[in-house]
Amino acid sequence: MTKFVERVFSGVQPTGNLHLGNYLGAIQRFVEMQNKYNCIYCVVDEHAITVWQDPKGLQNAIREVTAAFIASGIDPKAHIVFNQSQVAEHAELAWVFNCVARMGWLNRMTQFKEKAGKDKEAASVGLFAYPALMAADILVYRATHVPVGEDQKQHLELSRDIATKFNNDFAESIAAHGFEDGFFPLPEPLIQGAATRVMSLRDGTKKMSKSDPSDLSRINMTDDADTIASKIRKARTDPEPLPSEEEGLKGRAEADNLVAIFSALSGRMVADILGEFGGGQFSTFKTALADLTVAKLSPITTEMKRLMADPAHIDAVLADGSARARTIAAPIMNSVKDIVGFIRAK
Ligand code: TYM
């Protein structure tokens, strides 16, 4: 098997309302990866327009995700932070992958079914082909590790299927161009931590999401301390007190979710948390959770606001990151063109 350089890639859509789920399931993980890997973090604006986005709102949302990355502790100098549309190779490789992926594979994607809703005929072609672009995002850097929340698992499996089929379909040409055994790595999903699937504060069976019409369902990364405390106070729970053992969280989705959030924010084990709060009133636990959430998020929110006040600086970070991303993506895309049999100027 070809040895691939270990590299992390992940992306976040600039579709507004960045929330605690995005932070705990993804951004907090991105920060941790920096010590171990070379990382590329992308604001995936081309994914965002698979559903209608107001152009001014989109620009603001791109800057907001960038600010959230930096404010959370991602170092855009040591690693790469950029927006997808500035690196044309993503869209170029996505086209090749549209021709590798099969309709049947994409038809099975649950996220398309959820997002398209009842009227599939009215969904954009982009929304259907979305996972092929996602595979291109990762593989245009031949990235090997992809930290994401649980909801992206199926898309990552599809990325692996696309990489495998490309490697098989073009095996002879890949070898003829001097690549030993397969051109693309099979990217490994890193779905880790205590909160890989943060649920809505209003309904423990639904995931916390940017598009939930109820703002009370999520904690936004831009919420102030009072709003955070009030949302946690109002979070749905059942009438029972918190259990003292982990077993007791089974079948209690809302309680389970709040304890998982506590665990992810504090780095403490669930058993340890239940040891402290089990048997007590929910309100005591909720106060502690609100304090913890505010303590963790408010320095990030403050820093995001400071960064957002200087859009030119954010745009410069994105331009610099995009230029560095292109130096990795361009030679890989050139090899793809050679492998597929396109002619290009040399
Ligand atoms: P997006 O923008 O919906 O979400 C960004 C990241 O946040 C995670 N996440 C959650 N984690 C825990 N609990 C939740 N409730 C929750 N909601 C969201 C997501 O799993 C994700 O990691 N398709 C991707 C963006 C993307 C991408 C990529 C990711 C495009 N290309 C290439 C990795 C690699 C998406 O829509 O994420």
Side-chain angles (χ1 to χ4, degrees), residues 7-31 33 39-51 53 61-62 64-66 68-69 72 82-85 87 90-91 93-94 97 109-112 114-115 126-127 129-160 162-163 187-212 217-221 253 256-257 260-261 263-265 325:
R7 184 176 279 148
V8 161
F9 180 94
S10 198
V12 174
Q13 289 199 67
T15 41
N17 298 333
L18 266 187
H19 54 71
L20 188 63
N22 299 128
Y23 179 71
L24 295 176
I27 300 173
Q28 195 181 47
R29 302 268 90 76
F30 298 176
V31 175
M33 302 274 138
C39 304
I40 305 177
Y41 295 127
C42 183
V43 186
V44 288
D45 47 9
E46 292 174 332
H47 278 96
I49 63 160
T50 55
V51 296
Q53 303 295 328
I62 294 168
E64 192 170 283
V65 175
T66 312
F69 281 174
S72 302
F82 76 107
N83 59 315
Q84 189 182 26
S85 61
V87 181
H90 288 245
L93 184 58
F97 284 173
M109 295 295 111
T110 54
Q111 203 154 82
F112 174 74
E114 278 163 29
K115 285 201 178 169
L127 189 66
Y130 180 115
L133 176 59
M134 185 163 158
D137 297 337
I138 301 163
L139 294 168
V140 83
Y141 304 98
R142 295 165 112 193
T144 51
H145 295 80
V146 187
V148 282
E150 232 265 323
D151 61 342
Q152 296 302 315
K153 194 168 175 221
Q154 195 186 33
H155 287 160
L156 278 177
E157 277 158 11
L158 191 92
S159 297
R160 294 168 66 91
I162 290 176
E188 201 180 305
L190 300 176
I191 302 174
Q192 293 166 342
T196 55
R197 189 173 175 81
V198 176
M199 307 309 280
S200 155
L201 298 181
R202 306 301 296 164
D203 177 351
T205 63
K206 279 197 337 207
K207 85 174 175 189
M208 188 177 282
S209 129
K210 293 173 190 150
S211 56
D212 194 313
S217 69
R218 67 182 159 260
I219 290 171
N220 299 304
M221 286 185 77
D256 191 26
N257 186 41
I261 293 174
S263 171
L265 283 169

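Start at 1 and go down the list; that is how both ligands and their atoms are numbered.
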Quiz item: Taking distance alone, with no angle check, do G21 and ligand 1 share an N/O pair under 3.5 Å?
Solution: yes
Practice problem: List every atom of ligand 1 that sits less than 4.0 Å from any heavy atom of A26, numbering the atoms from 1 in the order shown and giving each element. | Solution: 6 (C), 7 (O), 22 (O)
Exercise. Output the list of atoms in ligand 1 that are nearer than 4.0 Å to some heavy atom of R197, sorted by atom number.
Key: 12 (C), 13 (N)
Quiz item: D137 heavy atoms, cut-off 4.0 Å: which ligand 1 atoms fall inside?
Solution: 28 (C), 30 (C), 31 (N)
Practice problem: Could you list which atoms of ligand 1 come closer than 4.0 Å to a heavy atom of K210? | Solution: 1 (P), 2 (O), 3 (O)
Quiz item: Short list, please: which atoms of ligand 1 are under 4.0 Å from a heavy atom of V146?
Solution: 33 (C), 34 (C)
Quiz item: Is there a nitrogen or oxygen of F9 sitting under 3.5 Å from a nitrogen or oxygen of ligand 1?
Solution: no
Quiz item: Can you list the ligand 1 atoms lying under 4.0 Å from a non-hydrogen atom of G25?
Solution: 11 (N), 12 (C)
Quiz prompt | Proximity flag H19 to ligand 1, non-hydrogen atoms under 4.0 Å | solution = yes
Practice problem: Return the residue, atom name and 0.1 Å-rounded distance of the protein heavy atom closest to atom 13 (N) of ligand 1. | Solution: V198 N, 2.8 Å
Quiz item: Heavy atoms only: which of I191, D151, N22, V12 is nearest to atom 20 (O) of ligand 1?
Solution: D151
Quiz item: N/O to N/O below 3.5 Å, does that happen between G149 and ligand 1?
Solution: yes
Quiz item: Which atoms from ligand 1 have a heavy atom of T196 less than 4.0 Å away?
Solution: 11 (N), 12 (C), 13 (N)
Quiz item: Parallel, tilted or perpendicular: which fits the ring planes of F9 and H90, with parallel below 30° and perpendicular above 60°?
Solution: tilted
